[in-house]
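See below for the structure under consideration.
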Amino acid sequence: MAQWQMDSSKTTRKANNFSKGLDTEHSSFFVDENCVIDGYGFDFDSYPAVKVRAGRTNYGTSGGARTNLLTRYGNKYLVRAVGTKLQYNSSGTTWTDISGSYSDVEWAAANFDVNGPALLLVNPTNGGYYWNGSSMSSISQMPKGKYITTDSLRAYLAGVSGEEDYIYYSGFQDALDFTSESNSGTVQYYTASGGAISGLYSYNGAIWVFKKDSFAIIYHTGNAELSYRLVQISDNIGCVASKTICEVGPYLMWLGMDDVYIGAGDAARGIGAPIKKYLDQINKSAAGNAVAFSTNRRYYLCIPTGSNTYPDTCLVYDYIYRMWLPYSNNLPSINAGVTLNGDCYAASTSGQTFKMNDGTTDSGTTIPWMVQSRPFDDGIKEALKELYELHMLGYFPGGSTLKVQIAPDDTGSNWFDIEYDPISTSNSTQNKNLIVPLDTVPLCNYYMYKLTGTGPVTIQEVQRYSRILPVMH
């Protein structure tokens, strides 16, 4: 094999971390060197380092049927609908049936006061009920609807068959009254393009009403002497999945037709550009099944991708850092999510409820992760180069695994595995030093790398050493 001579000025050392989060909006050549362009398995717990997310644990036994609702009764209980049953976690993770048998359909719920704390529940087949923590009672006057929300004054309901663009509101501080002419009533949300209401949410002293392509806000929700005022805010920002509407700190977030939106006051803006590649992968026919849950600063958006009908992929947004990370690509067909006392829960189509961000495994299975860099040219795009060393500064505890791959192009069409001695584990951060053989990875103008593995790994930085060949004319 021919040999070529190099002087030290042609040997480069570069380094990158992943502190800029996801960027799939721009050409990979033009994103920040510290961006993630693909991956899964991470959260912001050790930002600016990327740390493998926490796991999930089974929260009690499965309900044995599709989860049609996961909500909370005040700050005391979780309540779920599984198949034809309603259940609550009466003692820790023990699920206890709530009396009655109901249709196997999606429910909606909201907390209110009915002679004490109560959970209002409604579905489009059985109608309305309230549960006071011990007994279930029917609300005969409540229409059969799909969506319900409350403020401190009234209950609001939408999704009634034949009146899909109407919002019903209850009597003043009386969720049992939906018929009195002087106290309860309806508000129509008419738009030129038509369409049904796709979500309701009580936020910041007003009622936000969504269609798939627009949203409005209802003001003046006090006593009947004040006229209700529905004001359309946008005719191009809407919500396609009511279960993605979540409060995150001082903001409201939700999934639109082609973006993710964050709202406050009476305005909203898109923040989904960095995850455009993932949004483009949504199964459009199942977009309405997307789900979200949240903490006081993070929004976890769960979407169905490819041919999946229910969410399999999750992305996390931190509004303090204003960045996205790829959270998971192995969700177990999530169909509902909720936050109770600061803890996040989700439930699947098989009826299993999970406590999210809990533990270091996914119900006993090690957590898979992957992070992919942008293409690097080491400052000289036109020159061929030999990548010959990688040094990874990170935390690799016992039970973790690591695999390194290099692609000598910008498409990732050919990945070359880098062989090295099995990683040693440690309770402290260490450097993993890898030789990249020239007879394994060919000379290239640019390259990118991909790290995959399992277990609770944290990656601080990756250093790269390459030799630059003379540019041939």
Side-chain angles (χ1 to χ4, degrees), residues 1-4 6 10-24 26-42 49-50 52 277 325-326 329 368-396 400-424 430-455 457-472:
M1 179 181 293
Q3 300 293 319
W4 48 273
M6 287 297 304
K10 295 298 184 179
T11 299
T12 66
R13 177 197 180 276
K14 302 285 185 178
N16 74 285
N17 54 47
F18 296 102
S19 60
K20 299 299 183 180
L22 273 167
D23 188 344
T24 65
H26 303 100
S27 165
S28 56
F29 285 103
F30 293 91
V31 304
D32 190 283
E33 288 203 348
N34 297 313
C35 281
V36 178
I37 67 168
D38 199 3
Y40 50 82
F42 294 98
V50 286
V52 172
K277 181 179 76 172
L325 280 177
N329 73 338
W369 57 268
M370 184 272 278
V371 62
Q372 183 176 322
S373 75
R374 59 153 284 175
F376 298 110
D377 57 49
D378 293 337
I380 308 178
K381 297 179 177 63
E382 65 276 18
L384 290 173
K385 51 193 61 71
E386 173 198 359
L387 174 68
Y388 68 95
E389 286 184 24
L390 286 177
H391 301 261
M392 280 170 288
L393 179 65
Y395 171 61
F396 302 90
S400 58
T401 65
L402 170 67
K403 180 180 180 180
V404 181
Q405 294 175 292
I406 306 293
D409 53 44
D410 66 313
T411 62
S413 56
N414 290 295
W415 289 100
F416 294 87
D417 294 347
I418 306 304
E419 297 183 4
Y420 59 95
D421 292 334
I423 66 171
S424 60
Q430 56 182 313
N431 258 300
K432 297 293 184 184
N433 305 320
L434 309 177
I435 302 297
V436 182
L438 181 58
D439 61 357
T440 300
V441 179
L443 296 173
C444 53
N445 291 101
Y446 32 80
Y447 60 86
M448 55 187 180
Y449 65 84
K450 179 164 62 175
L451 311 177
T452 59
T454 57
V457 167
T458 302
I459 300 172
Q460 304 283 352
E461 185 179 85
V462 178
Q463 302 94 24
R464 317 179 310 273
Y465 288 77
S466 63
R467 298 187 181 98
I468 311 299
L469 278 70
V471 176
M472 303 302 293

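This structure is a prediction, so every number in the text was calculated from the model and none was measured.
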key: Lys/Arg cation over aromatic Y388: R467, 6.0 Å, 45° cone   = yes
task = Before giving the answer on side chain to side chain contact (heavy atoms under 4.5 Å, CB included), spell out for Q463 and L390 the whole-Å C-alpha distance, their side-chain angles and the decisive distance to 0.1 Å.
result = CA-CA 6 Å; Q463 302 94 24; L390 286 177; over 6 Å; no
ask   = Going by the salt bridge (charged side-chain N to carboxylate O under 4.0 Å, His left out) test, which pairs reach into residues 26-41, not counting sequence neighbours?
value = D38-K277
query = Is the charged tip of R464 near the ring of F376: under 6.0 Å from the six-membered ring centre and within 45° of its axis?
reply = yes
ask   = Going by atom types alone, do N16 and R374 pair a side-chain donor with an acceptor below 3.5 Å?
value = no
message = So, using salt bridge (charged side-chain N to carboxylate O under 4.0 Å, His left out) as the criterion, who are the partners of D23 when residues are at least two apart?
response = none
request  = Carefully, step by step, assess Q372 and M448 under the rule side chain to side chain contact (heavy atoms under 4.5 Å, CB included).
outcome  = CA-CA 8 Å; Q372 183 176 322; M448 55 187 180; 3.6 Å; yes
ask   = With side chains defined as the heavy atoms from C-beta onward, is the minimum distance between N17 and V50 less than 4.5 Å?
value = no
query = Which atom pair, heavy atoms only, marks the closest approach of D409 to G412?
reply = OD1-N, 2.9 Å
Side-chain heavy atoms of L402 within contact of V457, under 4.5 Å = no
message = Just so I know, are the side chains of I459 and W369 near enough to count as touching, which here means a heavy-atom distance under 4.5 Å?
response = yes
Set of salt bridge (charged side-chain N to carboxylate O under 4.0 Å, His left out) partners for D417, sequence neighbours left out = K403
task = Taking the six-membered ring for Trp and the full ring for Phe, Tyr or His, determine whether the centres of F42 and F18 are under 6.0 Å apart.
result = no
inquiry  = Regarding D410 and S28, do their side chains bring together a donor and an acceptor under 3.5 Å, going by distance alone?
reply    = no
request  = Could you tell me whether the side chain of S373 reaches within less than 4.5 Å of the side chain of I37, counting heavy atoms only?
outcome  = no
inquiry  = Is there a side-chain contact between V436 and E389 in this structure, where contact means two heavy atoms from C-beta onward sitting under 4.5 Å apart?
reply    = no
message = The test is side chain to side chain contact (heavy atoms under 4.5 Å, CB included); show your working for L384 and N445 and say whether it passes.
response = CA-CA 5 Å; L384 290 173; N445 291 101; 3.9 Å; yes
message = Less than 4.5 Å apart, side chain to side chain, heavy atoms only: is that true for I418 and V441?
response = yes
ask   = Minimum heavy-atom separation for P375 to F29, with atom names?
value = CB-CE2, 4.0 Å
task = Can you measure from CG (D378) to OG1 (T12) and round to the nearest 0.5 angstrom?
result = 4.0 Å
request  = Look at atom NZ of K20 and say whether more than 12 heavy atoms of other residues, nucleotides or ligands are closer to it than 6.0 Å.
outcome  = no
message = Pairing donors with acceptors under 3.5 angstrom, does anything connect the side chains of Y447 and D377?
response = no
query = For the atom pair CG (L387) and OG (S466), what is the distance rounded to the nearest 0.5 Å?
reply = 6.5 Å
ask   = Is any side-chain heavy atom of W415 less than 4.5 Å from a side-chain heavy atom of K450?
value = yes
query = Taking side chain as C-beta onward, heavy atoms only, is K381 less than 4.5 Å from Y446?
reply = no
task = Would you name the heavy atoms of I468 and A383 that are closest together and state the gap between them?
result = CG2-CB, 3.6 Å
message = Rounded to the nearest 0.5 Å, what separates atom SG in C444 from atom NZ in K385?
response = 6.5 Å
